[in-house]
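Atoms considered below: every heavy atom in the structure, side chains included; atoms not considered: hydrogens, waters and symmetry mates.
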Amino acid sequence: MFALSALFFTGCADDFLDVAPTQSIPTSDVELYNTDSGAKTFVTSIYAKFLDWDMSSFGWIGLASITSDDADKGSSPGDTGTDKDVLDALTYNASNPSAESTFIAQYDGINRCNQALNMIPKLDKADPALRERLIGEAKFLRAFMYFTLVKCYGGVPIVDRLQSPTSEEDKKMLLTRKPVAEVYAFIEKDLQEAIAVLPNRSAYAADEKARASKGAAYALLAKVSLYQKKWQQVVDNCNQITGYALNPSYAKMFRLEGENDIESIFEINGNGAVPTKGIAGYSNTQGARGAGGWGWGFNVPSQSLLNAYEPGDVRKDATIIFRNSTLYDGRVVPETVENPMYNFKAYSSAYTDAWETDANIKYLRYGEVLLMKAEALNELGQTSEAIGLLNQIRHRAGLGDTPATSQTAVRSAIWKERRVELAFEFDRFFDLVRTGQAESAFAADGKVFTVGKNELFPIPASFILQADGLSAQNPGY
């Protein structure tokens, strides 16, 4: 009926649900899944989406990282990576493949959430407490995807249920962009409902430690409030996040031993062992390229990021792989690799050359909670308290107290600290936009950020065509 609509209708038309990168199960017979393990498969399929190439790998890396002043395209000069050159230069258009694949991937994940929310209440033979928790996980994950969408594209369609291919109302739901405020309200509602039923991380068994918890929902809600400048809500939500602490070693946090550590609040788990369930191509596309290397070499640290580190900051060597150096596991990075720097946070020691590795993406961690709370407190005029939180982050990095004392200086110090603390964790581009620093920061990096356009990525041209007047394109595209 409509090409994009077919994506959303897949769950009810074809009646299949992906539960792993290589496995599908039919969902026509409710009784087949009317058990605890059956109920879990619907939410497992949502987590599995985050391992996909289109969700967390090459396109997302280009859209959310290479566009920022923390990263350059990298690779070989003649290898554009399809569109990574235009993303790096901020010259992309409405047909950009990375903007399109990211948009579609989020809605694929949202469809899985809606499948889970439709099916799990019907599974009356599954444990009621488990069903309640799984519904909370699905709502958290749906909120997470909508937060990605609203940051990237602004107002987007709110698809809150499975659809009927013959329903005109459902067609309009799929193809009509909603205002940004309405999208944020939908995200907040999902998170509040998730908070009400999700357990604390400590209540999960060891083999379920990567699942969404109450702390994760509060942390995401705090971040959603941060983007809307709801400062008191940021503080209030941060205060609800308990049971976490800074990992004493910043570097080890991004190695295998640091997965789901004391600082981790929500991360995407990669497994390089057979059967592999790592993030497809995540490490390989960012690995050192050239003779003696092990990857495609994209998304390399910029000189601007390197210059942002203060002398003695341990985060520099934990974030950047340098050419002609030896890594913590003894691997030598020879002079013959093509770029002088690479992303250390995407490195896998045990599965360096593999397509699917054990590298994780840490999306929410306690270090950022401290920085969010510090930023909010400073905006509320509680600057001295904000300084104390900022210094906790600096001390872990091997630095002394911040010299900043005034509200204005502390604001700038917190923004700078976010940059070096969260480098290559998919925050920098969006931080520059939300704080109004983008135009000047990109100019200093030799790029032109067009105010009124580059704050948002383009809605895929294919979607606008299918919407047939129900939705309009973002300005400038």
Side-chain angles (χ1 to χ4, degrees), residues 7 18 20-22 45-68 70-76 79-88 92 96-110 112 141 144-145 147-149 151-153 210 254 259 266-273 275-289 293-301 321 339 342-348 350-363 423-430 457 460:
L7 167 70
D18 293 332
T22 58
S45 74
I46 309 172
Y47 288 105
K49 181 61 193 175
F50 284 95
L51 304 177
D52 284 357
W53 168 260
D54 60 348
M55 185 75 154
S56 303
S57 197
F58 205 35
W60 174 239
I61 290 164
L63 198 70
S65 191
I66 292 175
T67 51
S68 78
D70 277 358
D72 294 323
K73 174 185 77 72
S75 189
S76 298
D79 190 342
T80 66
T82 305
D83 62 351
K84 305 307 176 287
D85 54 341
V86 295
L87 288 170
D88 195 10
Y92 40 85
N96 179 260
S98 294
E100 182 177 52
S101 65
T102 298
F103 185 88
I104 293 173
Q106 302 304 317
Y107 278 109
D108 184 15
I110 288 164
R112 298 188 190 197
L141 294 168
F144 188 96
M145 295 172 200
F147 186 46
T148 297
L149 285 168
K151 287 188 300 181
C152 288
Y153 308 101
F254 299 99
E259 292 185 354
F266 180 68
E267 62 185 89
I268 306 305
N269 269 25
N271 175 28
T276 55
K277 292 183 180 179
I279 303 169
Y282 180 74
S283 296
N284 193 277
T285 56
Q286 300 180 77
R289 180 167 183 153
W294 57 86
W296 298 8
F298 286 93
N299 196 34
V300 300
I321 291 175
N339 302 102
Y342 295 93
N343 176 12
F344 214 159
K345 291 180 180 178
Y347 176 73
S348 170
Y351 303 96
T352 308
D353 299 314
W355 186 245
E356 296 184 38
T357 73
D358 57 12
N360 286 10
I361 300 178
K362 290 183 181 287
Y363 273 122
F424 289 98
E425 296 178 45
F426 303 105
D427 277 299
R428 176 62 176 174
F429 179 88
F430 305 109
F457 296 108

Ring centre gap for F457 and Y92 strictly below 6.0 Å: yes
Any donor-acceptor pair under 3.5 Å from Y363 side chain to F426 backbone: no
Exam field: side chain D72 to backbone G74, donor-acceptor pair closer than 3.5 Å: no
Side-chain (S283) to main-chain (A346) donor-acceptor, under 3.5 angstrom: yes
Derivation and outcome, ring pair (Phe, Tyr, Trp, His ring centres under 6.0 Å), residues F144 and F50: CA-CA 11 Å; F144 188 96; F50 284 95; 5.7 Å; yes
Backbone N/O of K345 and side chain of N343: donor-acceptor pair under 3.5 Å: yes
K73 backbone acceptor or donor facing D88 side chain under 3.5 Å: yes
F344/Y347 aromatic ring centres below 6.0 Å: yes
Side-chain (T80) to main-chain (D85) donor-acceptor, under 3.5 angstrom: no
Min side-chain heavy-atom separation T285-N299 under 4.5 Å: no
Results of side chain to side chain contact (heavy atoms under 4.5 Å, CB included) for P460 - residues two or more places apart only: E100, F103, S462, F463
Heavy-atom donor-acceptor pair, T102 side chain to A99 backbone, under 3.5 Å: no
CA sep, side-chain torsions, deciding dist, call: Q106, D54, side chain to side chain contact (heavy atoms under 4.5 Å, CB included): CA-CA 9 Å; Q106 302 304 317; D54 60 348; over 6 Å; no
Within-4.5 Å side-chain heavy-atom neighbours: D358 and E259: yes
Under 3.5 Å: donor-acceptor pair, side chain of Y342, backbone of R289: yes
Side-chain (D52) to main-chain (M55) donor-acceptor, under 3.5 angstrom: no
Pair S98, D83: side-chain N/O donor-acceptor within cut-off below 3.5 Å: yes
Lys/Arg cation over aromatic F430: K151, 6.0 Å, 45° cone: yes
Listed partners of F58 passing ring pair (Phe, Tyr, Trp, His ring centres under 6.0 Å), at least two apart: W53, W296, F298
Working for side chain to side chain contact (heavy atoms under 4.5 Å, CB included), residues K277 and Y47: CA-CA 11 Å; K277 292 183 180 179; Y47 288 105; over 6 Å; no
T352 side-chain N/O to S348 backbone N/O, donor-acceptor pair under 3.5 Å: yes
